[in-house]
Amino acid sequence: MSHNPQSDSTGVSRTKILLLGLRRSGKTSIQQVLFDSMTPKETFYLDATMRTVKHTYDTIIPLEIWDCPGNITVETLGVPLSVFSTLVFVIDIRDLYNQPISRLVEFIIAAYHHNPSLNLEIFVHKAEKLQEDEKIENFRQINERVMDRLMDVLPSLPNLPNSSSNSGLNTSGSSNAQINSPNSPNYLSWQDFIEQQLLMNFYLTSIFDHSLHQAFSKVLQRLTDSLPYLEELLNIYCANSQASKVFLFDAPSRLYVASDASPVDTATYNLCCDNLAMINAFGTGLYRSVSASPVRRRRGNLKPSDFRNHDSDIPATPPPSASSVNGESLTSVMSPSLTSTHPTPSRKSTGVSGKSTSSMDTSSVSASTSSLGAPSTSTLVSTATITKMSHHPHDHYSSTTSISRKIRLQTPQDLFYPSGATSLQPSSLPHSYSSSTSSSGMPVTGTTIMWHLVTTGETSLIMEAGFVSSSSEYGSISAEGNLSSRNSVTSVPASIFTTYNNPTLILLVLLPTSVWESRRGLVELNVIAVREGVQEIVDLEREGRGTRVVGGALASQSNRRS
Amino acid sequence: MGASGSGKTSMRSLIFSNNPASSTARLGATIDVEQNHVRFLGDLILNLWDCGGQDAFMDSYLTTQRSTIFQHVGVMIYVFDAETREMNKDLEYYRDCLEGLTQCSPEAAVFLLVHKMDLVREPKAIMFEKKREELQKASSGVVITVFGTSIYDESLYRAWSSIVHTLIPNAAVLNKHLNIVAAACSATEVILFERTTFLVIATSTSSTSSPSASTSSTSSSSASISSSTYAPSPPSPSDPHQMHIKRYERTSELIKAFKWSCSRVREEFHSLELDMYDFTAVLDEMTRNTYVMVVVHDPTIETAAIKLNIRMARKKFEELQGDSIGT
């Protein structure tokens with residue numbers, strides 16, 4: 001990250017996004033639809049924003065979105081632009097006048113002076129108001145006019161700083177500026193310069209379809225430092241599970257945080273987004289029974305006694321070092337499933353924080369040991385790669401994370417993560433409802449969208465003296481004093497670490513239905529590796545952005561990111 | 001049938017063509033009669049006669065086209081605009097149509113829909129009761145069922161579910177078999193949906209809280225169904241689960257919306273399974289024209305087991321459906 005976000009009043013260093021645009025361009029609607037679950041129709045009734053409102057939203061990174069009134073300018077903003085990581089400028093697609101472009105250019109110039117690495121994202125919004133041809137034409141025109149105006153303005157500005165020597169606040173001309181003239185050897189035409197250096201992206205958006213979500217997903221991805229790690233995890237998953245596409249979605253906002261390397265086709269994205277909307281709707285307790293609904297354990301519903309109960313269940317393993325944990329988690333999971341069908345051994349598998357036991361039973365009871373046997377090597381191969389890859393974040397954080405993992409090993413094993421699958425068939429195929437009969441000889445070529453909850457949205461992570469627990473009560477600290485002695489960490493009093501909530505992330509996998517039906521156990525098993533990896537990345541992020549509260553006063557933690 | 005602009009074609013578009021509510025704004029006036037053959041439950045074909053409501057057409061139905069329109073009718077659905085200013089004229093036409101119907105098809109069932117309830121500003125339950133009494137009086141003794149509906153919420157779906165339920169002759173038998181499936185799966189509820197419209201055909205719960213289980217031919221029970229749309233009735237004390245009262249409608253809405261999304265990528269929705277915090281459910285095809293949804297609250301039940309049971313129950317249900325067409 002090229003910025004040092006300051007901690008806010010709650011002690012969390014949030015990534016700030018500035019939402020700008022003229023009045024009635026649609027800024028508040030965008031924020032409400034994406035992050036406050038407002039339906040597009042309801043936005044009709046929104047009042048004009050009078051003052052800047054800061055909305056927080058916790059996803060893979062904690063966000064703070066500043067929804068500004070339409071008339072705000074660089075001066076009236078009140079804070080320097082260096083505070084922000086992204087500027088989202090919203091332009092009404094029907095507005096072909098100069099005003100929005102002038103305002104935008106003002107901000108771009110200010111950014112170039114005070115924050116040259118600010119991500120610039122331009123939403124050409126309300127696309128639904130125009131017909132297809134007009135839409136594209138206006139989009140093109142607005143794009144061209146912005147570029148034209150910048151080309152006009154920029155030659156009059158002092159030499160641009162070399163972006164590689166940025167470190168947050170700097171003013172133009174203070175670093176090694178290169179004089180960009182037709183005679184210099186590295187001459188960049190202004191056009192290229194603007195496109196490269198100023199990092200602007202234009203998006204055609206509307207709140208009435210998924211274009212807004214897709215656009216904002218890309219905005220979010222540009223801000224996620226851990227994106228390469230997440231993508232790597234998903235690529236490995238894809239390769240090992242014969243999936244055609246994998247998305248990691250943030251559930252409430254339906255933005256996709258990461259995807260595998262294959263290009264994201266809009267139609268596929270729309271389908272997955274709609275599927276997720278359906279899943280979210282079913283998850284609101286539509287079939288919840290007052291009397292009969294199970295109390296399925298979620299990560300976060302933990303009591304102090306939970307820590308003690310399971311001590312005896314855990315086989316005596318040496319405290320895992322940071323590198324070997326992932327390997328251990330998968331190998332130990334493999335052995336119980338191959339040997340017995342009794343549910344208890346699978347519960348005892350260490351390191352499986354949150355594996356649904358029901359899936360484990362499926363894989364063992366279905367007696368498809370042959371399917372588990374042959375591909376098991378590929379799962380282990382993927383494991384090895386994961387441990388190697390995940391070494392990188394560990395370099396920065398040493399003792400804290402290994403201890404945090406220790407504690408996760410000791411959380412109750414019967415945690416539950418919701419999952420499901422939706423099976424589809426191409427419309428052209430003759431409709432056969434007995435698709436599961438393998439005797440038909442006809443290969444089932446439909447697609448299944450399998451989804452698994454990967455991280456649950458739980459309450460704030462609280463750590464004491466390098467000791468992690470997922471409890472929301474301060475009172476539980478004393479109970480954990482017992483465990484601290486086990487881990488030979490002396491409980492130093494009054495040092496609390498708080499950070500933002502765990503996001504709710506869902507993994508959506510597109511598989512051929514034949515793979516889903518014959519290799520289900522394995523495919524679900526591989527999800528564990530992804531879950532472990534993602535949770536680790538998320539926890540690291542949470543640790544990095546949290547604050548240590550010492551003796552009641554808030555002392556901001558030094559940011560360890562370079 | 002019903003007055004011009006009362007919402008007949010919109011309803012048809014929503015329920016039988018699965019178009020979203022917003023698209024109904026683009027519908028124009030119906031010219032004369034639009035006939036739709038809707039395949040319902042596979043072999044049952046519903047002939048929907050969407051009769052244009054403009055005065056000229058109405059007059060023609062009652063005179064020159066009288067026998068064509070009113071003969072061989074199984075069900076008449078008459079739509080009233082809740083916010084109409086010409087109630088008297090509407091009632092007059094209604095009386096005339098009812099007369100035509102009783103003359104030519106005395107066995108026909110009559111359903112009255114007080115539509116566009118979303119536009120009503122006064123307390124809806126009271127207004128609806130008033131209308132119902134008015135319609136009861138105008139029907140001079142013919143047995144009618146009245147519903148309050150709107151395309152923007154689940155009331156329309158519920159009304160049509162009840163209507164369609166009366167068309168299924170062996171509903172009680174279906175109910176019995178669904179109960180068997182429910183017992184086999186340790187399920188709380190098993191619901192049978194029609195494939196295209198996703199209207200509820202039958203459910204396994206025999207409590208009065210499920211509208212499709214109760215027959216709606218008497219006006220007294222219909223009053224309880226219709227009034228529950230706008231004055232939510234307290235959940236019956238005998239129902240231990242007290243699940244969301246509008247779950248069928250909501251489910252149907254969600255699945256149809258998703259089916260529509262699928263069609264845009266040239267895929268067809270096939271089946272669905274959900275393992276959530278509060279319940280486990282499997283939605284799969286039962287027969288060529290029905291879907292079954294099994295809702296389970298026992299956390300130890302596997303979705304694979306449920307699917308197996310569904311597969312084994314298929315044959316029986318196909319048989320049952322074959323029987324039902326015989327009437």
Side-chain angles (χ1 to χ4, degrees), chain A residues 41 208 265 267-268 270-271 273-275 277-279 281-298 343 356-359 361-362 365-366 416-429 431 433-437 446-453 513 520, chain B residues 22 152 188-189 195 235 239-244 246-248 250-251 253-255 257-288 291 293 295-305 307-308 310-311 314:
Chain A
K41 285 212 183 103
F208 288 98
D265 155 53
T268 311
N270 290 348
L271 182 68
C273 212
D274 286 331
N275 195 21
M278 182 171 71
I279 294 163
F282 274 112
T284 57
L286 214 50
Y287 285 92
R288 183 188 301 140
S289 164
V290 163
S291 55
S293 273
V295 179
R296 283 169 147 162
R297 300 300 272 295
R298 319 179 197 204
S356 160
T357 49
S358 58
S359 311
D361 292 340
T362 314
V365 166
S366 65
F416 175 76
Y417 285 83
S419 63
T422 312
S423 295
L424 309 170
Q425 270 179 340
S427 306
S428 50
L429 266 192
H431 202 79
Y433 60 89
S434 52
S435 60
S436 43
T437 55
T447 312
T448 297
I449 305 175
M450 175 182 75
W451 61 273
H452 282 261
L453 190 71
T513 304
R520 177 173 174 169
Chain B
S22 48
Y152 292 110
T188 309
E189 187 168 53
R195 173 181 284 270
D239 175 20
H241 296 286
Q242 302 193 6
M243 292 192 275
H244 196 279
K246 295 190 180 165
R247 59 191 183 280
Y248 303 136
R250 193 84 182 96
T251 303
E253 208 176 25
L254 288 170
I255 303 289
F258 185 66
K259 274 176 130 189
W260 188 71
S261 302
C262 288
S263 65
R264 301 179 88 196
V265 286
R266 314 275 234 67
E267 297 270 352
E268 240 173 60
F269 172 75
H270 183 205
S271 70
L272 160 67
E273 53 182 84
L274 293 167
D275 229 329
M276 316 292 270
Y277 286 124
D278 304 318
F279 67 96
T280 300
V282 172
L283 178 72
D284 201 353
E285 299 170 340
M286 186 57 117
T287 67
R288 243 179 309 132
Y291 273 101
M293 179 156 176
V295 179
V296 167
H297 286 116
D298 185 338
T300 61
I301 307 283
E302 297 295 326
T303 53
K307 284 188 124 160
L308 186 66
I310 293 175
R311 200 188 326 163
R314 266 191 196 127

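Throughout, protein chains are lettered first and strands after them, A, B, ... in sequence-line order, and every chain is numbered starting at 1. Since this is a predicted model, take the numbers as computed values, not measurements.
- Between A:Y287 and B:M276 the shortest side-chain heavy-atom distance does not fall below 4.5 Å.
- Inter-residue side-chain proximity for B:E267 and A:T447 is flagged as met; some heavy-atom pair is nearer than 4.5 Å.
- Side-chain contact between B:V265 and A:L424 is absent, with no heavy-atom pair separated by less than 4.5 Å.
- Here the straight-line distance linking atom OG1 of A:T422 with atom CG of B:L283 works out to 9.5 Å at 0.5 Å rounding.
- For B:E253, the side-chain hydrogen bond (donor to acceptor under 3.5 Å, both in side chains) partners at least two apart in sequence or on another chain are B:R250.
- With chain B as partner, the option from A:A267, A:C273, A:A281, A:A421 having the largest number of non-hydrogen pairs under 4.5 angstrom is A:A421.
- For B:T303, the part lying under 4.5 angstrom from a heavy atom of chain A is the side chain only.
- Considering OG of B:S263 and CG of A:L271, their distance stands at 10.0 Å, rounded to 0.5 Å.
- Distance check: A:Q425 CD to B:C262 SG gives 11.0 Å after rounding to the nearest 0.5 Å.
- Here the side chains of B:H270 and A:T513 are not in contact, with every heavy-atom distance at 4.5 Å or above.
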Residues A:R520, B:E273; criterion salt bridge (Lys or Arg N to Asp or Glu O under 4.0 Å); working and verdict: CA-CA 13 Å; A:R520 177 173 174 169; B:E273 53 182 84; 3.0 Å; yes
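- For A:D274, the parts lying near chain B are the backbone and the side chain together; criterion is any non-hydrogen pair under 4.5 Å.
- Across all non-hydrogen atoms, the minimal contact from A:F282 to B:L274 is CG-CD1, 3.6 Å.
- Annotation: maximal heavy-atom pairing with chain B below 4.5 Å, among A:T268, A:N275, A:L453, A:N270, occurs at A:N275.
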